[in-house]
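Both backbone and side-chain heavy atoms feed into the values below; hydrogens, waters and symmetry mates do not.
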Amino acid sequence: MPTKQGNDIWKEIERFSFLASIIILLVLAVIYWLIAQSPQPNIKLWDIARTFALDVISNLFPTFFLFALSYALIHRIQIIRDENQANVLAETIALIISEKLSMKLDNIETENNAQIGTETLSEEIKFQLGVMNEFSITQKYFDDESDPQKIVLLFTNRGTNVISVNNIKFSTNNLSRNGLLTSYQFSDGGRHFIIPFDPKNKDVLPNQSFLVEICLSQKWDKSAIIGMFGSVGYLKPVVTYKDEQLELFYTI
């Protein structure tokens with residue numbers, strides 16, 4: 001993996017080459033002008049040398065010009081790419097921290113409600129992960145043609161037990177609170193939106209699907225929303241599985 005010092009050296013070499021090409025272009029232009037404006041003695045050898053020199057300069061000029069132009073364009077593209085990489089890294093770090101903080105808050109609430117041993121807590125986490133593996137997101141897309149626009153999630157029950165959905169909570173990350181429908185209700189002191197669904201479909205049988213639609217209150221470009229996938233927010237369905245109620249956790 002290249003080091004930062006090595007990258008800085010290459011950047012300096014590229015910058016020096018760019019400046020050198022600009023200087024060479026200016027020098028070639030001056031030499032071309034001087035030769036073109038110089039007196040033309042009636043000497044055949046001089047005429048041949050003059051024509052040769054002008055042709056050489058004419059062929060060299062585009063080479064250095066294209067090098068300078070390509071450096072200017074590529075340098076700008078590299079800056080944009082580095083900024084995008086920095087933004088993605090920052091969003092990823094923020095997402096990880098948010099997930100850890102949310103899990104920590106949930107653990108604190110659980111510990112305040114009841115004293116649970118380490119082994120019991122570990123078994124509950126395993127049980128939750130097992131249910132999430134059975135009740136998984138099998139399709140996710142952005143419907144930009146509907147009114148309102150919506151993020152559509154399709155869950156599929158891949159297990160052998162009925163999963164009953166009691167309610168669905170959603171917290172935003174990249175979307176602002178004003179980005180969702182104002183008709184949505186809140187829970188947990190305003191920490192989560194309550195996403196409505198058809199109660200007739202609450203019992204998800206094995207191999208059946210369950211639809212979740214997160215409706216937006218404004219118009220978005222499709223590429224903008226798709227670019228946020230993975231860091232839009234957190235979906236927390238509260239389900240009943242084998243007569244036990246638990247809260248699942250999905251990153252959208």
Student: Would a single hydrophobic cluster contain both Leu181 and Leu153, if residues Ile, Leu, Val, Met, Phe, Trp and Tyr are joined by side-chain heavy-atom contacts under 4.5 Å?
Tutor: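 They do share one cluster, since a chain of ILVMFWY contacts under 4.5 Å joins Leu153 to Leu181.
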
Student: Out of curiosity, does Phe127 fall in the hydrophobic cluster containing Val239 (side-chain heavy atoms, cut-off under 4.5 Å, transitive links)?
Tutor: yes

Student: Could you measure the distance from the NZ atom of Lys236 to the CG atom of Asn167? Nearest 0.5 Å is fine.
Tutor: 12.0 Å

Student: Residues in side-chain hydrogen bond (donor to acceptor under 3.5 Å, both in side chains) with Tyr241, at least two apart?
Tutor: Glu134, Asn161

Student: Could you list the residues that satisfy side-chain hydrogen bond (donor to acceptor under 3.5 Å, both in side chains) with Ser136, not counting sequence neighbours?
Tutor: Arg158

Student: Counting N and O atoms only, with roles assigned by atom type, does the side chain of Gln149 sit under 3.5 Å from a partner on the main chain of Phe142, one being a donor and the other an acceptor?
Tutor: no

Student: Describe, in one word, how the ring planes of Phe197 and Phe210 are oriented to each other, choosing from parallel (under 30°), tilted (30 to 60°) and perpendicular (over 60°).
Tutor: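 Aromatic pair Phe197/Phe210 classed perpendicular.
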
Student: Please report the interatomic distance CG(Asp143) to CD(Glu213), rounded to the nearest 0.5 Å.
Tutor: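 Asp143 atom CG to Glu213 atom CD measures 8.0 Å (nearest 0.5 Å).
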
Student: Under 30°, 30 to 60°, or over 60°: which ring-plane class applies to Phe155 and Tyr250, parallel, tilted or perpendicular?
Tutor: perpendicular

Student: Is the shortest heavy-atom distance from the side chain of Ser209 to the side chain of Thr156 under 4.5 Å?
Tutor: yes

Student: Anything under 3.5 Å between a donor and an acceptor, one on a side chain of residues 221-230, the other on a protein residue two or more places apart or in another chain? List them.
Tutor:
none

Student: State, with a plain yes or no, whether a side-chain heavy atom of Leu26 is found less than 4.5 Å away from one of Val30.
Tutor: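 Result no, sub-4.5 Å side-chain heavy-atom pair not found.
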
Student: Would you please name every residue forming a salt bridge (charged side-chain N to carboxylate O under 4.0 Å, His left out) with Lys169, sequence neighbours left out?
Tutor: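 Per chain and number, Lys169 pairs via salt bridge (charged side-chain N to carboxylate O under 4.0 Å, His left out) with Asp188, Glu247.
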
Student: Please find the pair of heavy atoms, one from Pro206 and one from Asn157, that lie closest to each other, and give the distance.
Tutor: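 Residues Pro206 and Asn157, closest heavy atoms: N-ND2, 3.5 Å.
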
Student: I want to check something: taking the side chain as every heavy atom from C-beta on, are Leu248 and Gln128 in contact at a cut-off of under 4.5 Å?
Tutor: yes

Student: Any idea which heavy atoms bring Val212 and Ile195 closest together, and the distance?
Tutor: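 It is CG1-CG2, 4.1 Å.
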
Student: Where do Pro148 and Leu216 come nearest, in terms of heavy atoms and distance?
Tutor: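 Shortest heavy-atom separation between Pro148 and Leu216 comes out as CB-O, 3.2 Å.
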
Student: Measuring from atom CZ of Phe249 to atom CE of Met132, what distance do you get when rounded to the nearest 0.5 angstrom?
Tutor: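 The CZ atom of Phe249 sits 8.0 Å away from the CE atom of Met132.
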
Student: Is it possible for you to say whether Phe186 and Leu235 belong to one hydrophobic cluster, with membership spreading through side-chain heavy-atom contacts below 4.5 Å?
Tutor: yes

Student: For a 4.5 angstrom cut-off between non-hydrogen side-chain atoms, does His192 reach Ile168?
Tutor: no

Student: Given Phe170 and Tyr234, is the ring-ring contact (aromatic ring centres under 6.0 Å, His included) satisfied, shown in steps?
Tutor: CA-CA 6 Å; Phe170 175 74; Tyr234 313 104; 8.3 Å; no

Student: When clusters are formed by joining ILVMFWY residues with side-chain heavy atoms under 4.5 Å apart, either directly or through shared neighbours, do Val232 and Val152 land in the same one?
Tutor: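 Different clusters.
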
Student: Can you list the residues that meet the side-chain hydrogen bond (donor to acceptor under 3.5 Å, both in side chains) rule with Asn166, with sequence neighbours excluded?
Tutor: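 Asn166: side-chain hydrogen bond (donor to acceptor under 3.5 Å, both in side chains) contacts with Thr240, Gln245.
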
Student: What pair of heavy atoms forms the shortest contact from Tyr184 to Cys215, and how long is it?
Tutor: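 So the minimum-distance heavy-atom pair works out to OH-N, 2.9 Å.
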
Student: Among all residues two or more places apart in sequence or in another chain, which pass the ring pair (Phe, Tyr, Trp, His ring centres under 6.0 Å) test with Tyr141?
Tutor: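 For Tyr141 there are no ring pair (Phe, Tyr, Trp, His ring centres under 6.0 Å) partners, ignoring immediate neighbours.
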
Student: So Lys140 and Ile252, do their side chains get closer than 4.5 Å, heavy atoms only?
Tutor: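 Result yes, sub-4.5 Å side-chain heavy-atom pair found.
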
Student: Check whether Ile214 and Leu154 end up in the same hydrophobic cluster, where Ile, Leu, Val, Met, Phe, Trp and Tyr are linked by side-chain heavy atoms less than 4.5 Å apart.
Tutor: no

Student: If every non-hydrogen atom of Val204 is compared with every non-hydrogen atom of Val165, which pair is closest and at what distance?
Tutor: CG2-CG2, 4.3 Å

